[in-house]
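Let me begin by presenting the structure, written as structure tokens, before commenting on it.
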Amino acid sequence: MRPMTTITDTPTRVSAVEVDAISKVFGEGAGTVTAIDGMSVSVGEHEFLSIVGASGCGKSTLLSLVAGLDRPTTGSVDTAGHKVAMMFQEAALFPWLTVGANIEVPMKVNGVPRARRRERVAELLELVRLTGFARKRPHELSGGMRQRVAMARALAQDADVLLMDEPFGALDAMTRDILHDELERIWQERRLTVLFVTHNVREAVRLGDRVVLLSSRPGRVIDEFPVEGERPRRIDSALIAGQAAVITDRLRQEVSRHA
Amino acid sequence: MPDTDTRDRQVQGLDALELQPERGRRGAGEVARRVWSASWPKLAAVAVVLLAWQAVVWSGWRSEWVFPGPDRVLPVLFREVSTAEFWEAVGVTMRRALSGFALALVVGVLVGLAVAQVRPLRVAIGSLITGLQTMPSIVWFPFAMLLYGISESAIMFVIILGAAPSIAGGLVSGIDYVAPSLLRAGQVMGLRGVQRYRLLIVPAALPMFVGGLKQGWAFAWRSLMAGELLVIINQQNSIGWALSQARQLNDAERLLSYVIIVLIVGILIDVFFTWADRSLRRRWGLAAA
Ligand SMILES: Nc1ncnc2c1ncn2[C@@H]1O[C@H](COP(=O)(O)OP(=O)(O)OP(=O)(O)O)[C@@H](O)[C@H]1O
Ligand SMILES: [Mg+2]
């Protein structure tokens with residue numbers, strides 16, 4: 001079957017990530033699971049793309065294919081020479097290292113000299129508003145602060161494409177709202193391209209330039225919604241609520257198909 | 001959008017609310033109180049044991065020549081402790097313990113790494129390691145004496161067989177139980193090969209590895225004591241040798257004072273491992289401070 005949707009953005013925009021007709025099948029023989037089948041997405045340079053879909057529709061699988069952690073069964077993923085970093089619901093900081101040392105890890109991998117690493121840590125901590133926390137340990141921080149450290153660590157990879165798999169899923173609403181502002185600011189300051197996976201449709205609309213809706217089993221793109229409204233947006237504004245309602249209806253329609 | 005200043009304040013306010021309030025520095029009085037509350041139960045226990053011991057002696061269960069009370073043993077112990085031979089004996093025993101343990105450490109780490117990495121090897125000897133851990137190491141002595149004669153090598157051989165499986169086992173489970181989320185984070189950051197081991201696997205496996213070391217030490221110490229009693233190397237002063245000498249001379253006071261020494265060494269080393277384990281866990285955020 002052909003992919004249902006191929007997304008073309010404004011023609012002038014070059015794409016940073018090009019996912020072309022991929023499928024991903026797990027396992028062999030009778031126990032195979034087709035997680036993704038015929039999915040195509042193209043993400044523009046410096047675009048903020050939100051990805052929503054019901055459980056098990058292959059969102060995490062898609063991100064790990066884009067990150068190059070795994071290979072698609074068929075089709076191709078092209079990141080056009082961009083460096084890709086990834087964040088998860090758990091910050092997954094190394095508990096035996098201080099905050100600063102955690103941020104240094106990807107720089108050690110890239111062979112950045114020590115003095116330069118220190119400078120970068122200070123700069124990244126300032127970016128995520130955690131100046132002065134370099135010597136703390138992860139367990140001394142709150143969940144929201146850990147996610148900000150994880151963000152600093154991801155940026156320490158010098159990545160310009162950031163993949164986020166429900167990064168704020170475990171945070172309380174107030175912290176999440178503030179982190180939305182923070183992410184938006186950093187995305188703009190650093191001119192990142194972001195692929196943001198979430199269950200929360202309002203969050204998707206609050207942050208995204210565009211929201212892509214995936215179907216479940218197998219996962220493929222069934223719809224996409226350009227988001228309207230000047231940034232910065234407020235998650236509790238009527239404009240966001242209205243657009244979210246449309247997407248939620250479409251999502252429910254898709255979910256009930258599986259009843 | 002709220003301006004930068006307002007947002008800065010919001011973020012800082014939230015951070016401040018979410019952080020645990022800093023605990024104040026402990027004053028000297030506080031420290032003394034903590035030390036006292038940690039140590040008085042132990043002192044009380046020692047007193048109770050000494051009393052019970054003395055009570056048994058007073059009951060006349062055995063003659064005082066065979067079973068002297070603390071009133072006779074403790075002075076001998078203190079006299080013993082001030083002699084050169086005593087320290088020589090302890091020195092020999094501790095040297096054996098440490099070098100045996102160090103050898104077991106090398107063997108255990110090599111075997112553990114191999115088993116953790118090579119799948120067929122794990123299938124082949126994974127359960128053997130567990131089996132060896134359950135074996136009373138004293139069983140190996142006759143064989144060790146056949147192999148090495150009455151020598152220190154025989155003792156070393158048994159120490160290694162006793163301690164290495166625990167050390168290897170601790171390392172293997174440490175590596176097996178590295179949190180998948182950390183492994184994934186490492187993969188995303190591009191950690192590979194030696195760097196992956198140095199920066200991720202080894203530190204993540206450390207708490208369990210220390211657990212294995214602690215258990216390995218317990219086995220090494222037991223094997224060594226058994227070895228020094230069984231493999232009596234002539235004229236080589238050691239704790240085990242002193243124990244058998246004291247028995248042959250029917251010197252019960254000296255015998256019991258060496259038993260006490262063995263107990264004290266065991267406790268000291270255990271305190272050390274417990275401290276290492278606790279401070280690791282605290283740094284990792286695994287235990288309450
Ligand atoms: N390594 C794997 N082996 C077998 N099946 C897998 C594997 N990874 C994912 N799957 C299956 O592929 C499908 C998609 O999984 P994926 O984790 O990508 O979904 P998701 O959209 O991220 O779900 P969630 O919303 O719960 O995070 C699921 O049915 C899952 O069971
Ligand atoms: Mg997922």
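In what follows, chains are A, B, ... by sequence order, proteins preceding strands, each numbered from 1.
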For [X], is the [atom1] atom crowded, meaning more than 12 foreign heavy atoms sit under 6.0 Å from it?
| X | atom1 | value |
| --- | --- | --- |
| B/W140 | CH2 | no |
| A/M174 | CE | no |
| A/E119 | CD | yes |
| B/R95 | CZ | yes |
| A/E230 | CD | no |
| A/E123 | CD | yes |

Inset, instruction - With A/V109 as reference, evaluate B/R196, B/Q195, B/R192 under the side-chain contact (heavy atoms from CB on, under 4.5 Å) test and give the passing residue. - result: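 Of the listed options, the one satisfying the test is B/Q195.
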
Inset, instruction - Please report the closest heavy-atom contact between B/L182 and A/A92, naming both atoms and the distance. - result: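 Nearest heavy atoms, B/L182 then A/A92: CD2-O, 3.7 Å.
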
When heavy-atom pairs shorter than 4.5 Å are enumerated against chain B, which of [options] gives the highest number?
| options | answer |
| --- | --- |
| A/R129, A/M87, A/M86 | A/R129 |
| A/R233, A/R234, A/M145 | A/M145 |
| A/W96, A/F88, A/F94 | A/W96 |

Legend entry - chain B contact via A/L69 - side chain, backbone, both or neither, heavy atoms under 4.5 Å: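 A/L69 touches chain B through backbone and side-chain heavy atoms alike.
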
Inset, instruction - Under 4.5 Å heavy-atom distance to chain B, tell me which part of A/R148 shows up: side chain, backbone, both or neither. - result: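 Only the side chain of A/R148 comes within 4.5 Å of chain B.
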
Spacing of [atom1] belonging to [X] relative to [atom2] belonging to [Y], to within rounding of 0.5 Å:
| X | Y | atom1 | atom2 | value |
| --- | --- | --- | --- | --- |
| A/T131 | B/Q12 | OG1 | CD | 8.5 Å |
| A/S142 | B/L17 | OG | CG | 10.0 Å |
| A/Q157 | B/M189 | CD | CE | 7.0 Å |
| A/D172 | B/L14 | CG | CG | 7.0 Å |

Inset, instruction - Go through the atoms of B/L206 and report whether side chain, backbone, both or neither lie under 4.5 Å from a heavy atom of chain A. - result: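 Interface part for B/L206: neither.
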
Legend entry - B/A204 portion near chain A, given a 4.5 angstrom heavy-atom threshold: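 Contact with chain A: backbone and side chain both.
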
Inset, instruction - State, with a plain yes or no, whether a side-chain heavy atom of B/L199 is found less than 4.5 Å away from one of A/L97. - result: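 Heavy-atom side-chain distance check fails, nothing below 4.5 Å.
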
Inset, instruction - For the pair A/D177 and B/Q10, evaluate side chain to side chain contact (heavy atoms under 4.5 Å, CB included) and give the outcome as yes or no after the intermediate values. - result: CA-CA 11 Å; A/D177 289 353; B/Q10 287 174 356; over 6 Å; no

